[in-house]
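Chain letters run A, B, ... following the sequence lines, proteins first and then strands; every chain starts at 1.
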Number of protein chains: 2
Amino acid sequence: MTTNISRPRGRPRRFDPEQAVAIAQRLFHTQGYDAVSVADITEALGINPPSFYAAFGSKAALYARTLCRYTGTEGIPLAEILRPGRPLAEALSAVLESCARRYGADPAAAGCLVIEGARCKDPEARNAARALSTTAADTIRQFIAATHPEAAERLTDYVVTLMVGLSTMAREGHGADRLLATARLASLALEQELGA
Amino acid sequence: MTTNISRPRGRPRRFDPEQAVAIAQRLFHTQGYDAVSVADITEALGINPPSFYAAFGSKAALYARTLCRYTGTEGIPLAEILRPGRPLAEALSAVLESCARRYGADPAAAGCLVIEGARCKDPEARNAARALSTTAADTIRQFIAATHPEAAERLTDYVVTLMVGLSTMAREGHGADRLLATARLASLALEQELGA
DNA sequence: ATATATTTGTAGTCACCCTTACAGAATCTC
DNA sequence: GAGATTCTGTAAGGGTGACTACAAATATAT
């Protein structure tokens, strides 16, 4: 007796949507949203366009699902790193180091899917990525404001600017080692500014 | 007697190529290379496609000319800022401040034309932008190496990462004031690292 | 078995992109 | 003027993109 939860009525799917999202995520992360065509996706999935549109609605909608999946798995775990009570300079430095490590971990899928997606041409996909990007910035800002409200905007801008820069440099081919060196250098400013 | 330098033979042009490059530069800077179509350009210039191709060869070739023009006019004057003998921390901080000011000066054409062009989809245009980007990085690296050879790569990576980040944030709508605050914060790390 | 529901595969639509063929117009040389 | 030369405008070629109409296929429900 397998998992037999009363299959739906019609002809069954020949592919697993969840796995398809994973494959699409890798494509988007590797090549960028604009550079991936629906034809690329359907070929990678071994299906035809109608199956794709029936399952996901549109390229942008599938992208939104990959973004959702990304934040839950490979994205930077801001909530974990920015634990309340953690010293500010230490916490922000940890964010930058985490970015350096993750963005440079896989050379074939370098950088941040969200940050890179925020520059794509398609408005729907771009807005989806921007929304997540804004949420992340807000998380950082609120963490800072809890202890240093007067410095929240300035420090958030600084950290986000570096995250964006690190993602870009990762895509330019910089490995985790070089990114980490940059992150550590950037942390010096945080320590100095916050009197660590 | 006007400037009468023996006009060329055939039918005269109805537009000024130099002015056309300036107009195209503004389009590319405002919208990004990929988002500007040849139709956009020809419409902005008030000419038809054949005139465009006869004068410039291709969209990428025109873009290369706009890049050339940009570095000579609106680009960061690295050669001026990185004058030999200038204290390193001061010089690199000046680079970052200059970026902050220029990238945020014109909200309609924010960021750096070269940096943003380095991510476009067209290989020819991308390589043209990358070449200039690499040249700029080399200039910075050599200036650092003149006095601090062991720190050249690390500091160059740091400065370039911030330049890229500043350009992106400018395109996200950050004004020169916010960019400058980030640049000044980033300079703290340089001063600390270099014992200023 | 019949009806219903859902997916699949073929083939194609429609829009937009960069680029060019071609003939006519405007200028210079002789 | 005649001829050579260069630009201009119309119109379209050739490619790629996202997306879909439609009928055949495969399952469940009764």
Side-chain angles (χ1 to χ4, degrees), chain A residues 2-21 24 27-28 31-66 117 120-128, chain B residues 1-21 23-24 27-28 31-66 117 120-128:
Chain A
T2 61
T3 54
N4 198 357
I5 323 165
S6 74
R7 257 212 304 228
R9 272 248 264 177
R11 176 173 177 172
R13 275 218 181 81
R14 281 194 42 209
F15 68 101
D16 175 15
E18 288 308 313
Q19 189 183 347
V21 172
L27 279 180
F28 284 135
Q31 307 179 35
Y33 181 84
D34 289 328
V36 177
S37 70
V38 172
D40 292 334
I41 299 172
T42 55
E43 187 187 8
L45 298 179
I47 63 178
N48 291 305
S51 299
F52 170 84
Y53 283 98
F56 302 110
S58 73
K59 180 185 168 187
L62 170 60
Y63 182 65
R65 286 188 59 172
T66 70
C120 77
K121 232 172 130 181
D122 183 81
E124 187 179 340
R126 191 172 59 229
N127 289 337
Chain B
M1 169 182 163
T2 60
T3 55
N4 199 357
I5 323 165
S6 75
R7 255 213 304 227
R9 271 249 267 174
R11 176 174 176 172
R13 275 219 179 79
R14 280 196 40 213
F15 68 101
D16 175 17
E18 288 309 312
Q19 189 182 348
V21 172
I23 293 174
L27 278 181
F28 285 135
Q31 307 179 35
Y33 181 84
D34 289 329
V36 176
S37 70
V38 173
D40 292 335
I41 299 171
T42 55
E43 187 187 7
L45 297 180
I47 64 177
N48 291 305
S51 300
F52 170 84
Y53 284 96
F56 302 110
S58 71
K59 181 184 168 188
L62 170 61
Y63 181 64
R65 287 188 58 171
T66 70
C120 77
K121 233 172 129 181
D122 183 80
E124 187 179 340
R126 191 172 59 230
N127 288 337

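One finds the SG atom of B:Cys120 at 11.0 Å from the CG atom of A:Asp34 (value rounded to the nearest 0.5 Å). In this structure, CG in A:Leu45 is found 7.0 Å from CZ in A:Phe15, a value given to the nearest 0.5 Å. Atom OG1 of B:Thr66 and atom CD1 of B:Ile23 lie 13.0 Å apart (nearest 0.5 Å).
Listed by chain and number, the residues in a ring-ring contact (aromatic ring centres under 6.0 Å, His included) with B:Tyr53 amount to none (sequence neighbours excluded).
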message: Within the 4.0 Å limit for protein heavy atoms, which parts of nucleotides 25-30 of chain C are touched? Write it as a string from 5' to 3', B for base, S for sugar-phosphate only, - for none.
response: BBBBS-

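Of the possible polar contacts, none joining the A:Tyr63 side chain to the A:Arg126 backbone as a donor-acceptor pair under 3.5 Å is found. Proximity of a side-chain donor or acceptor of A:Asn48 to a complementary backbone N or O of A:Pro50 within less than 3.5 Å is not detected.
Spacing between atom CG of A:Asp16 and atom C1' of C:dT7 amounts to 15 Å, rounded to whole angstrom units. Taking atom NZ of residue B:Lys121 and atom P of nucleotide C:dC16, one finds them 16 Å apart after rounding to whole Å. Rounded to whole Å, atom P of C:dC18 lies 13 Å from atom CD of B:Glu124. Atom CG in A:Asp122 sits roughly 8 Å away from atom P in D:dC19 (whole-Å rounding).
Looking at heavy-atom distances under 4.0 Å, B:Val38 makes contact with a base.
In this structure the side chain of A:Ile41 never reaches within 4.5 angstrom of the side chain of A:Phe56, judged on heavy atoms.
At D:dG9, one or more side-chain N or O atoms of B:Arg14 fall inside 4.0 Å of OP1 or OP2 (strictly under the cut-off).
Residues of residues 44-62 of chain B having a heavy atom closer than 4.0 Å to DNA chain C, listed by number: B:Pro49, B:Pro50, B:Tyr53, B:Ser58, B:Lys59.
Both cation-pi conditions hold for A:Lys59 and A:Tyr33: the charged atom is under 6.0 angstrom from the six-membered ring centre and inside a 45 degree cone around its axis.
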